[in-house]
Peer 1: 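Right, I'll just put the structure down here and ask away after.
As a basis for the values below, the full set of heavy atoms in this structure was taken, side chains included, without hydrogen atoms, waters or symmetry mates. Here the structure is a predicted model, which is why all the values come from computation and not from measurement.
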Amino acid sequence: MKIIQPMVKNRLATIREWLHNNALDGLLISSRENNRYLSGFTGTESWLLITPDQALILIDFRYLEQAAIQCPEFSKIDYTSDRIGKLVESLKEHNCLNLGIEEDDLKWGFCQQLLKTMPDLALKPAQSKLNEWRSVKDDIEVAQICRAIEIAETALQEILPTIRPGQSEIEIAAKLEYSMRLSGASGPSFNTIVASGPRSALPHGVASERTIEAGDAVVFDFGCIWQGYCSDMTRTFFVGEPNALQRKIYSIVLDAQIKAAAALKAGISGQDGDHIARKIITEAGYGESFGHNLGHGVGLAIHEAPRLSQSYPWMLVPNQIVTVEPGIYLPGQFGVRIEDMLLLQDGGAINLNHFNKDLLVLPA
């Protein structure tokens with residue numbers, strides 16, 4: 001991911017203002033996503049320590065040269081020989097006694113070790129604020145996500161004509177992932193779901209050895225990573241002509257998905273967003289068959305803030321990107337889910353997906 005350095009400077013300035021307003025001496029960043037977001041570093045192991053006047057990246061020997069290239073705003077600390085010792089040394093050198101942390105990322109044992117070494121250290125939760133900052137996407141992030149969506153949609157369009165009864169779900173998932181890789185994706189953004197027949201009623205039916213049969217519903221839920229940013233989409237297809245119940249369920253889910261996408265906008269709550277689709281499915285008699293949230297934020301992580309759920313009362317804001325993915329699942333029979341990614345705006349939402357959602361029948 002290419003981060004423009006003024007963007008890094010702006011993000012550091014935002015953090016330093018927050019540190020000042022919350023009487024904190026520093027912020028320790030431990031998660032890979034927030035490391036990348038705040039510094040541009042793409043390695044797998046590092047810590048960032050941000051203080052009112054310093055920005056440090058603590059890394060081991062493997063990443064010294066990489067960090068020098070990717071993180072010009074950060075001073076490099078080599079912690080190869082003593083990881084926690086170098087962190088403690090940096091905290092003491094910069095008088096960090098009130099320290100913000102990612103409480104959902106740091107392990108309890110590590111925190112206890114840190115507090116044992118520095119008894120005067122006070123750890124303060126900062127996860128929710130970091131989630132809030134990262135949930136709002138700038139123009140570069142939107143462009144990265146749109147490219148990840150484009151790659152995924154192109155790959156699906158490419159493999160659909162090749163799908164026939166007798167192929168395994170794993171084989172189809174491999175073709176899909178291979179196509180995305182050929183277009184420049186660094187990998188899938190999560191374990192690819194290809195769930196057919198009765199397995200399509202499993203909301204997270206990761207591809208198995210089951211072979212496609214005539215009459216199957218097949219749920220594809222997948223995405224890819226492009227320069228660090230994820231895509232996530234779902235389409236349901238039928239192998240051979242669907243029966244009356246399959247057509248009915250597909251029509252209900254599609255109606256809920258389209259109407260929820262049309263009604264979503266900044267300024268409503270995640271609960272309100274979820275309710276739009278849930279009401280349609282419930283009134284159709286299938287409320288108990290839609291057991292998951294309507295959607296979630298996507299960015300450097302496949303699941304991040306905000307959420308479209310019955311338990312998310314907070315307001316959606318402009319430039320958040322969310323999925324809209326209602327589904328109906330009939331155990332032992334089949335399931336249907338349809339999912340797009342939307343960019344929230346004050347007056348509505350922009351659908352970033354373009355792949356057809358009309359009922360599609362594959363040759364049997």
Peer 1: Atom OG in Ser30, atom NZ in Lys107: separation rounded to 0.5 Å?
Peer 2: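 It comes to 11.0 Å.
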Peer 1: Is a donor on one side and an acceptor on the other found under 3.5 Å between the side chain of Arg164 and the backbone of Ile212?
Peer 2: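 Absent.
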Peer 1: So, are Arg62 and Glu45 salt-bridged, with charged N and O less than 4.0 Å apart?
Peer 2: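 Yes, this pair counts.
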Peer 1: Does some side-chain heavy atom of Leu160 sit less than 4.5 Å from a side-chain heavy atom of Leu360?
Peer 2: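 In short, these two side chains touch, coming nearer than 4.5 Å.
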Peer 1: Using salt bridge (Lys or Arg N to Asp or Glu O under 4.0 Å), reason through Lys124 and Glu103 one step at a time and then give a plain yes or no.
Peer 2: CA-CA 8 Å; Lys124 310 289 186 179; Glu103 69 274 15; over 6 Å; no
Peer 1: Answer yes when Arg36 and Glu33 have at least one side-chain N-carboxylate O distance shorter than 4.0 Å, and no when they do not.
Peer 2: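 No salt bridge links Arg36 with Glu33.
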Peer 1: Step through the shown structure and confirm whether more than 12 heavy atoms of other residues, nucleotides or ligands are within 6.0 Å of NZ on Lys175.
Peer 2: yes
Peer 1: Quick check: His204 with Phe190 (ring centres under 6.0 Å apart)?
Peer 2: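 For Phe190 and His204, the ring centres are not under 6.0 Å apart.
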Peer 1: So, do Ile350 and Leu342 sit near enough that their side-chain heavy atoms are less than 4.5 Å apart?
Peer 2: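 A side-chain contact under 4.5 Å is absent here.
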Peer 1: Leu308 and side chain to side chain contact (heavy atoms under 4.5 Å, CB included): which single residue from Asn293, Val322, Thr323 fits?
Peer 2: Val322
Peer 1: Can you check whether Asp358's main-chain N or O pairs, donor with acceptor, with Asn356's side chain at less than 3.5 Å?
Peer 2: yes
Peer 1: Under a 3.5 Å cutoff, is there a donor and acceptor pairing between the side chains of Gln70 and Thr42?
Peer 2: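 Gln70 vs Thr42: donor-acceptor pair found between side chains.
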Peer 1: Classify the angle between the aromatic ring planes of His303 and His296 as parallel (below 30°), tilted (30 to 60°) or perpendicular (above 60°).
Peer 2: tilted
Peer 1: Within the distance-only criterion (no hydrogens, no angle test), does the side chain of Asp216 pair as donor or acceptor with the backbone N or O of Glu213 below 3.5 angstrom?
Peer 2: yes
Peer 1: I'd like to know whether Asp25 forms a side-chain contact (heavy atoms from CB on, under 4.5 Å) with Asn95, so could you lay out the CA-CA distance, the side-chain angles of the two residues, the decisive distance to 0.1 Å, and finally the verdict.
Peer 2: CA-CA 7 Å; Asp25 303 319; Asn95 299 312; 5.9 Å; no
Peer 1: How about Asn351 and Asp340: does a side-chain donor come under 3.5 Å of a side-chain acceptor?
Peer 2: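 Indeed, the side chains of Asn351 and Asp340 share at least one donor-acceptor pair under 3.5 Å.
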Peer 1: Quick one about Glu209 and Ser168 (side-chain donor to acceptor, distance below 3.5 Å, no hydrogens or angles considered), yes or no?
Peer 2: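 Their side chains do not contain a donor-acceptor pair, so the 3.5 Å distance test is not met.
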Peer 1: Any salt bridge linking Asp138 with Arg11? Criterion: basic side-chain nitrogen under 4.0 Å from a carboxylate oxygen.
Peer 2: yes
Peer 1: Show your reasoning for whether side-chain contact (heavy atoms from CB on, under 4.5 Å) applies to Gln333 and Leu245.
Peer 2: CA-CA 10 Å; Gln333 300 182 65; Leu245 180 59; 3.6 Å; yes
Peer 1: With the side chain counted from C-beta on, respond yes when Leu359 and Arg247 share a heavy-atom pair under 4.5 Å apart, and no when they do not.
Peer 2: yes
Peer 1: If you count the non-hydrogen atoms of other residues, nucleotides and ligands that lie under 6.0 Å from NZ in Lys357, is the total more than 12?
Peer 2: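 Yes, NZ of Lys357 has more than 12 neighbouring heavy atoms, counting only those of other groups under 6.0 Å.
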Peer 1: Just by modelled atom types, is the Pro188 backbone N or O under 3.5 Å from a matching donor or acceptor in the Thr192 side chain?
Peer 2: no
Peer 1: Check whether any side-chain N or O of Gln246 sits under 3.5 Å from a backbone N or O of Asn243 as a donor-acceptor pair, and report yes or no.
Peer 2: yes
Peer 1: If you round to the nearest 0.5 Å, how far is NZ of Lys129 from CG of Leu27?
Peer 2: 12.5 Å
Peer 1: I'd like to know if Arg337 and Asp221 make a salt bridge, using a cut-off of under 4.0 Å between side-chain N and carboxylate O.
Peer 2: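 Answer for the salt bridge query: yes.
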Peer 1: Indicate whether the side chain of Gln271 and that of Gln310 have a donor and an acceptor atom separated by less than 3.5 Å.
Peer 2: no
Peer 1: Within the supplied structure, the quantity of interest is the number of heavy atoms (other residues, nucleotides, ligands) at a distance under 6.0 Å from Gln112 CD; does it exceed 12?
Peer 2: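 More than 12 within 6.0 Å, yes.
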Peer 1: Apply side chain to side chain donor-acceptor pair (under 3.5 Å) to the pair His292 and Glu325, showing each step before the final yes or no.
Peer 2: CA-CA 9 Å; His292 57 72; Glu325 47 182 305; 5.3 Å; no
Peer 1: Could you check whether Lys86 pairs with Asp82 (Lys NZ or Arg NE/NH1/NH2 to Asp/Glu carboxylate O, under 4.0 Å)?
Peer 2: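 Judged by the 4.0 Å cut-off on N to carboxylate O distance, Lys86 and Asp82 do not form a salt bridge.
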Peer 1: Would you call Lys279 and Glu283 a salt bridge, taking side-chain N to carboxylate O under 4.0 Å as the test?
Peer 2: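 Yes, charged N to carboxylate O under 4.0 Å.
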Peer 1: Within the side chain of Glu177, is there an N or O that forms a donor-acceptor pair under 3.5 Å with the backbone of Ala174?
Peer 2: no
Peer 1: Go through the side-chain N and O atoms of Asp272 and Ser269 and say whether any donor and acceptor fall under 3.5 Å apart.
Peer 2: yes
Peer 1: Within the distance-only criterion (no hydrogens, no angle test), does the side chain of Ser189 pair as donor or acceptor with the backbone N or O of Ser231 below 3.5 angstrom?
Peer 2: yes
Peer 1: Between Arg307 and Trp314, is NZ or CZ placed under 6.0 angstrom from the six-membered ring centre and within 45° of the ring axis?
Peer 2: no
Peer 1: Quick one: does Ile77's side chain get under 4.5 Å of Ile57's, heavy atoms only?
Peer 2: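 Ile77 vs Ile57: side chains apart.
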Peer 1: Could you state the interatomic distance from OG (Ser90) to CG (Leu58), rounded to the nearest 0.5 Å?
Peer 2: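 Between Ser90 OG and Leu58 CG, I get 4.5 Å after rounding to 0.5 Å.
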Peer 1: Does Gln345 reach the main-chain N or O of Ala266 with its side chain, forming a donor-acceptor pair under 3.5 Å?
Peer 2: no
Peer 1: Would you check if Ser39 and Glu73 make a side-chain contact, meaning some heavy-atom pair closer than 4.5 Å?
Peer 2: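 A side-chain contact is absent here, since even the closest heavy-atom pair is not under 4.5 Å.
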Peer 1: Test the Arg235-Phe355 pair against the cation-pi criterion, namely NZ or CZ under 6.0 angstrom from the six-membered ring centroid and within 45° of the ring axis.
Peer 2: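 No, a cation-pi geometry is absent between Arg235 and Phe355.
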Peer 1: Do the non-hydrogen side-chain atoms of Gln257 and Pro326 ever get within less than 4.5 Å of each other?
Peer 2: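 Of all side-chain heavy-atom pairs linking Pro326 with Gln257, at least one is under 4.5 Å.
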Peer 1: Please determine whether residues Leu264 and Ile338 belong to a single hydrophobic cluster, defined as Ile, Leu, Val, Met, Phe, Trp and Tyr linked transitively by side-chain heavy-atom distances below 4.5 Å.
Peer 2: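 In one cluster: yes.
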Peer 1: Which residue, Phe74, Tyr79, Tyr63, forms the ring pair (Phe, Tyr, Trp, His ring centres under 6.0 Å) with Trp47?
Peer 2: Tyr79
Peer 1: Kindly work out whether a path of hydrophobic side-chain contacts (I/L/V/M/F/W/Y, heavy atoms less than 4.5 Å apart) joins Leu38 to Leu28.
Peer 2: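 Different hydrophobic clusters.
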Peer 1: Which value, rounded to the nearest 0.5 Å, describes the distance between Leu123 atom CG and Leu99 atom CG?
Peer 2: 6.0 Å
Peer 1: Among side-chain atoms of His94 and Asp53, is any donor-acceptor pair under 3.5 angstrom?
Peer 2: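 His94 vs Asp53: no donor-acceptor pair found between side chains.
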Peer 1: Check Pro313 against Ser311 and note the closest heavy-atom contact, atom names and distance.
Peer 2: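 Smallest heavy-atom distance, with atoms named: CD-O, 3.4 Å.
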Peer 1: Working to the nearest 0.5 angstrom, can you tell me the gap between Glu150 CD and Ile145 CD1?
Peer 2: 14.0 Å
Peer 1: Run the side-chain contact (heavy atoms from CB on, under 4.5 Å) check on Leu49 and Thr51 step by step: do they pass?
Peer 2: CA-CA 7 Å; Leu49 178 59; Thr51 73; 4.3 Å; yes
Peer 1: Gln157 side chain to Ala152 main-chain N or O, any donor-acceptor pair under 3.5 Å?
Peer 2: no
Peer 1: Would you say the side-chain atoms of Asn35 and Ser46 include a donor-acceptor pair closer than 3.5 Å?
Peer 2: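 Present: a donor and an acceptor within the cut-off.
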Peer 1: I'd like to know if Lys137 pairs up with Glu304 as an ion pair, taking the criterion as any Lys NZ or Arg NE/NH1/NH2 lying under 4.0 Å from an Asp or Glu carboxylate oxygen.
Peer 2: yes
Peer 1: Using only atom types and a distance under 3.5 Å, with no angle test, would you say the side chain of Asn353 pairs donor to acceptor with the backbone of Met341?
Peer 2: yes
Peer 1: Are Val218 and Ser200 close enough that some pair of their side-chain heavy atoms sits under 4.5 Å apart?
Peer 2: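 Result no, sub-4.5 Å side-chain heavy-atom pair not found.
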Peer 1: Under the side-chain contact (heavy atoms from CB on, under 4.5 Å) criterion, do Asn319 and Leu344 qualify, and how do the steps go?
Peer 2: CA-CA 5 Å; Asn319 282 16; Leu344 300 177; over 6 Å; no
Peer 1: Nearest 0.5 Å, please: how far is CG in Leu316 from CD1 in Ile268?
Peer 2: 5.5 Å
Peer 1: Using only heavy-atom distances, determine whether the side chains of Glu141 and Tyr229 contain a donor-acceptor pair under 3.5 Å.
Peer 2: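 Indeed, the side chains of Glu141 and Tyr229 share at least one donor-acceptor pair under 3.5 Å.
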Peer 1: Report yes if the side chains of Pro125 and Gln127 come closer than 4.5 Å at any heavy-atom pair, otherwise no.
Peer 2: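 No, too far: nothing below the 4.5 Å cut-off.
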